[in-house]
Amino acid sequence: MSAIDSLPPLREVINSHGLTARKSLGQNFLLDLNLTAKIARNLGDLGGCDVLEIGPGPGGLTRGLLAEGARRVLAIEKDSRCIPALEQIAAAYPGRLTVIEGDALETDPLAHLQKPIRIAANLPYNIGTELLVRWLTPPDWPPFWESLTLMFQREVAERIVAKPGSKAFGRLAILAQWRAEAEIVMSLPAEAFTPPPKVKSAVVHLTALPAPRFEADAKTLERVVARAFNQRRKMLRAALKGLAPDIEDRLIASGIQPTDRAETVDLERFCALARSVAAG
Ligand code: SAM
């Protein structure tokens, strides 16, 4: 493994700081700095950018982001045991790394960042999807970030880039593709992580579009697709019954057959339905 900086190898960092992986925090660490630098390169030219990193752990990806030239990295980590290791990285890159100990779901990063901002994370599955949905559904667009480069289990990554008609198509595909360009840019075997998880992983890169592909209110669209796919085997007239008394008429006016199932309906028609529901 070649060095990307003058800091100790990550295995040594893990040992000296006693960072035994905790399952409760979804800790599967990336210890190969060549790999973390490769992931960081997916963020593009970082020279003039701030990067928000969620869940840096022992700092493998953080070091990749800094070595790839990020103007500044703000790293939010919940596990207090990782903070001294991250502070060592901050000392090696003076003025370029700020570490916050906290829960990313409850921490507002914006006070510490300047645009343009890109986001990178290798997070536990449930937090990763919750943050992704939050980042994709602010009321106004474009958002505070330019791009998201996120590690997910492979199956979740496939859901984000899925097309209508496939089993993986659902809420995540609609919300991601409505306002962003989403692609899988890397696949990683379980053995890339320490300890190895049970499943394969993939990195998804999402670039914010200047404007959503179709007009819709974010909260309404989220509500409509959550209901539609919650009961994905049901016909939409049944799955969406509680949404409006005249839901069949609204479906037809949106170009959707009331007997259609959610996974056959494309983004444009879901947005039309969300506009109809929002209109009251
Ligand atoms: N980025 C590191 C890497 O690639 O080796 C660590 C990845 S590990 C899969 C997930 C990291 O997210 C852990 O360091 C864990 O402590 C942290 N984490 C888990 N939940 C978090 C939360 N709610 N807020 C911030 N960090 C969290």
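Computed from a predicted structure; not experimentally measured. Because only heavy atoms are used, hydrogens play no part in the values below, and waters and symmetry mates are left out as well, while side chains stay in.
- Between the side chain of D217 and the main chain of T220, a donor-acceptor pair closer than 3.5 Å is present.
- Listed by chain and residue number, E222 satisfy the salt bridge (charged side-chain N to carboxylate O under 4.0 Å, His left out) test with K219 (two or more places apart in sequence, or in another chain).
- Within the structure, side chain to side chain donor-acceptor pair (under 3.5 Å) contacts touching residues 130-139 (residues at least two apart or in different chains) are E130-R134.
- A continuous path of Ile, Leu, Val, Met, Phe, Trp and Tyr side chains, each step under 4.5 Å between heavy atoms, connects L105 with L136, placing both in one hydrophobic cluster.
- Taking CG of L74 as the start and CD1 of I100 as the end, the distance is 4.5 Å to the nearest 0.5 Å.
- Chaining together hydrophobic side chains whose heavy atoms lie under 4.5 Å apart places V51 alongside L7, L30, L35, I39, L43, L46, L61, L65, L66, V73, I83, L86, I89, Y93, L97, V99, M151, V185, M186, L188, F193, V203.
- Taking all atoms of both residues into account, the shortest heavy-atom contact from A182 to I160 is CB-CG2, 4.1 Å.
- Summarising the geometry of L206 relative to A176, their closest heavy-atom pair is CD2-CB, 3.8 Å, with the distance given to 0.1 Å.
- One distance of note links CD1 of I252 with CG of D260; it measures 10.5 Å at 0.5 Å rounding.
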Evaluate V133 against L172 for side chain to side chain contact (heavy atoms under 4.5 Å, CB included), listing each step before the verdict. CA-CA 8 Å; V133 169; L172 286 181; 3.9 Å; yes

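- Heavy-atom neighbours of E87 CD from other residues, nucleotides or ligands within 6.0 Å: above the threshold of 12.
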Applying side chain to side chain contact (heavy atoms under 4.5 Å, CB included) to F29 and I14, what does each step give before you reach the verdict? CA-CA 10 Å; F29 300 131; I14 297 266; 3.6 Å; yes

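- The side-chain heavy atoms of E155 and V199, taken from C-beta on, include no pair separated by under 4.5 Å.
- Rounded to the nearest 0.5 angstrom, E77 CD and D103 CG are separated by 10.0 Å.
- Here the side chain of R81 pairs a donor or acceptor atom with the backbone of T20 at under 3.5 angstrom.
- Nearest heavy atom pair, residue V13 against residue P58, reads CG1-O, 4.2 Å.
- Expressed to the nearest 0.5 Å, how far CZ of R227 lies from CG of L236 amounts to 12.5 Å.
- Applying the salt bridge (Lys or Arg N to Asp or Glu O under 4.0 Å) rule to pairs touching residues 49-65 yields D5-R63, D50-R71, sequence neighbours excluded.
- The heavy-atom pair separating G57 from C82 by the smallest distance is O-CB, 3.4 Å.
- No side-chain donor from either of R118 and T149 sits under 3.5 Å from a side-chain acceptor of the other.
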Evaluate the criterion side chain to side chain contact (heavy atoms under 4.5 Å, CB included) for residue pair V156 and Y125; output intermediate values, then yes/no. CA-CA 8 Å; V156 177; Y125 156 74; 3.2 Å; yes

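- More than 12 heavy atoms of other residues, nucleotides or ligands sit less than 6.0 Å from atom CZ of R213.
- In this structure, OG1 on T107 lies 8.0 Å from CD1 on I54, to the nearest 0.5 angstrom.
- Between R261 and M235, the closest side-chain pair of non-hydrogen atoms falls below 4.5 Å.
- Shown here for T62 and P56, the closest heavy-atom pair between the two residues is OG1-CB, 3.4 Å.
- Note on residues 168-196: pairs passing side chain to side chain donor-acceptor pair (under 3.5 Å), not counting sequence neighbours, are R154-S187, K163-Q177.
- Remark: Q114 CD is loosely packed, at most 12 non-hydrogen atoms of other residues, nucleotides or ligands lying under 6.0 Å away.
- A donor-acceptor distance shorter than 3.5 angstrom exists from the side chain of R72 to the backbone of H112, with no hydrogens or angles considered.
- Tracing side-chain contacts under 4.5 Å through hydrophobic residues (I, L, V, M, F, W, Y), one never reaches L209 starting from F214; they form parts of separate clusters.
- Shortest non-hydrogen contact noted between P195 and A21 is CD-CB, 3.4 Å.
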Please walk me through it: do F144 and I119 pass side chain to side chain contact (heavy atoms under 4.5 Å, CB included)? CA-CA 10 Å; F144 74 89; I119 299 181; 3.8 Å; yes

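- The existence of a salt bridge linking E68 and R41 is confirmed by a sub-4.0 Å separation between a basic side-chain nitrogen and an acidic carboxylate oxygen.
- Legend: residues meeting ring pair (Phe, Tyr, Trp, His ring centres under 6.0 Å) with F270, ordered by chain and number and at least two apart, are F229.
- Proximity of L148 to L131: side-chain heavy atoms (C-beta onward) are nowhere separated by under 4.5 Å.
- Using a 4.5 Å heavy-atom cutoff, the side chains of L25 and P124 are not in contact.
- For the pair R269 (side chain) and I256 (backbone), a donor-acceptor distance under 3.5 Å is absent.
- The closest side-chain heavy-atom distance from L251 to Q257 is not below 4.5 Å.
- A distance of 6.0 Å separates CG in L267 from CD1 in I174, rounded to the nearest 0.5 Å.
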